[in-house]
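Start at 1 and go down the list; that is how both ligands and their atoms are numbered.
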Amino acid sequence: MDKKVALVTGGTRGIGRAIAEKFAANGYDLVLNFMRKRSAAQEAKEAIESAYGVRVHLVKANVGEREQIQALFAEVANTFGRLDVFINNAASGVMRPLMEIEESHWDWTQNINAKAYLFCAQEAAKLMQKTGGGAIVGVSSIGSIRTLPNYVAVGVSKAAVEAITRYLAVELAPMGIVVNAVSGGAVDTDALKHFPNREEILETAKKRNPAGRIVEPRDLAEVAYFLCTPAASMIRGQTIIVDGGLTLLAE
Ligand SMILES: NC(=O)c1ccc[n+]([C@@H]2O[C@H](COP(=O)([O-])OP(=O)(O)OC[C@H]3O[C@@H](n4cnc5c(N)ncnc54)[C@H](OP(=O)(O)O)[C@@H]3O)[C@@H](O)[C@H]2O)c1
């Protein structure tokens with residue numbers, strides 16, 4: 001019961017997995033949520049357990065569904081009895097131009113990316129209260145503040161993530177819970193396969209980045225971890241952009 005526990009939604013692939021590994025490397029037991037790809041989840045569990053000697057509990061749940069959120073957190077409570085860190089990383093979304101967005105596309109995207117964050121954070125706070133507090137990090141993207149092709153539904157959901165982060169930071173502060181978000185420039189994960197202009201995005205992210213390279217999953221993981229340490233305890237409700245300075249460029 002002494003070991004700290006971190007829950008990462010969508011923690012079995014891409015950026016979520018890098019975040020999970022960072023916490024495992026620092027001794028956290030993990031609950032990793034996924035939605036569809038059980039074999040990738042199983043591979044992540046085995047690799048992390050053998051590399052870091054921590055426990056990894058997998059939970060299949062679509063965080064866009066309220067009842068599945070409740071089941072996810074019930075498993076956290078039943079398995080570990082505590083929660084110290086919650087990383088709201090899972091995301092999905094329909095990539096279409098604004099004029100082609102239908103109601104079902106909008107609802108799917110907002111439910112998984114924005115609504116889930118609020119209701120997961122409620123459940124996380126209830127568990128964290130039992131041990132006197134914890135930390136929550138939302139994962140956002142540059143599309144929250146910049147326009148990207150085909151990204152309207154996701155971009156708006158990420159703007160909501162950043163707004164929810166600010167409200168959580170204030171309203172959960174009395175419970176001893178620190179809340180912030182990390183936002184990234186393009187990262188070469190499976191998610192980019194859904195972008196019709198993937199090659200162009202990657203080329204720009206590499207060539208034009210003032211830092212001289214593309215953002216890697218571990219870059220976001222380092223900052224997400226830092227935001228959950230005592231050194232960051234007076235940072236509240238902020239979205240830290242991890243993009244090597246790319247979005248600073250006017251053109
Ligand atoms: N890639 C980028 O360029 C980039 C840049 C900035 C920010 N981000 C953000 O970083 C986060 C992770 O992105 P990524 O690129 O690592 O994505 P990814 O490689 O596509 O992985 C997505 C993960 O989320 C899970 N997931 C998807 N929908 C879910 C749902 N409804 N319920 C529960 N789990 C779900 C997936 O589970 P399955 O394996 O079962 O499908 C998978 O584990 C997202 O919030 C994304 O917006 C990404």
Side-chain angles (χ1 to χ4, degrees), residues 7-21 30-45 48 56 58-69 71-73 75 86-95 107-117 119-120 137-146 148 150-151 153-162 164-165 181-195 197-202 204-206 209 214-221 223-224 239-244 246-247:
L7 162 63
V8 186
T9 61
T12 56
R13 291 193 288 124
I15 293 164
R17 168 141 177 200
I19 295 173
E21 294 209 31
L30 300 174
V31 178
L32 301 185
N33 150 256
F34 67 103
M35 181 166 77
R36 287 199 188 97
K37 299 196 171 173
R38 185 170 287 281
S39 60
Q42 193 59 36
E43 189 276 322
K45 172 183 160 71
I48 293 172
V56 178
L58 296 175
V59 184
K60 178 172 161 40
N62 174 1
V63 295
E65 306 270 346
R66 187 86 195 275
E67 320 78 68
Q68 295 192 38
I69 289 175
L72 166 64
F73 281 86
E75 279 219 40
F86 166 56
I87 309 289
N88 191 81
N89 169 77
S92 184
V94 178
M95 307 293 295
D107 290 346
W108 171 264
T109 310
Q110 309 310 321
N111 286 348
I112 294 171
N113 298 2
K115 186 180 85 172
Y117 185 25
F119 290 109
C120 284
V137 176
V139 180
S140 189
S141 75
I142 294 305
S144 65
I145 52 168
R146 297 276 188 274
L148 305 172
N150 304 308
Y151 203 74
V154 181
V156 172
S157 76
K158 293 300 189 181
V161 164
E162 295 177 15
I164 292 167
T165 297
V182 284
S183 177
V187 183
D188 191 8
T189 67
D190 292 344
L192 247 61
K193 292 178 185 157
H194 303 293
F195 287 67
N197 55 337
R198 175 174 179 273
E199 291 307 325
E200 187 191 329
I201 292 172
L202 288 175
T204 305
K206 273 178 206 152
N209 198 309
I214 191 168
V215 179
E216 305 277 354
R218 65 182 157 82
D219 296 314
L220 287 151
V223 178
T239 298
I240 311 296
I241 297 175
V242 183
D243 72 343
L246 187 61
T247 50

Item to complete: Would you please test L220 and V187 for side-chain contact (heavy atoms from CB on, under 4.5 Å) and show each step?
Response: CA-CA 10 Å; L220 287 151; V187 183; 3.8 Å; yes

Item to complete: Using heavy atoms and a cut-off under 4.0 Å, could you grab the residues that are in contact with ligand 1, chain by chain, numbers ascending?
Response: G10, T12, R13, G14, I15, N33, F34, M35, R36, K37, A61, N62, V63, N89, A90, A91, I112, V139, S140, S141, K158, G184, G185, A186, V187, T189, D190, A191, L192

Discussion item. Please verify the inter-ring angle class for Y117 with F86; under 30° counts as parallel, over 60° as perpendicular, anything in between as tilted.
Written reply: tilted

Worksheet item: Do the charged groups of R17 and E43 touch, with an N to O distance under 4.0 Å?
Response: yes

Worksheet item: Counting N and O atoms only, with roles assigned by atom type, does the side chain of N113 sit under 3.5 Å from a partner on the main chain of S92, one being a donor and the other an acceptor?
Response: yes

Practice prompt. Identify which one of V31, N33, I112 satisfies the side-chain contact (heavy atoms from CB on, under 4.5 Å) criterion when paired with T9.
Written response: N33

Fill in: Distance, nearest 0.5 Å, that separates CG of N209 from CG of D243
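Going from CG on N209 over to CG on D243, the span is 6.5 Å.
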
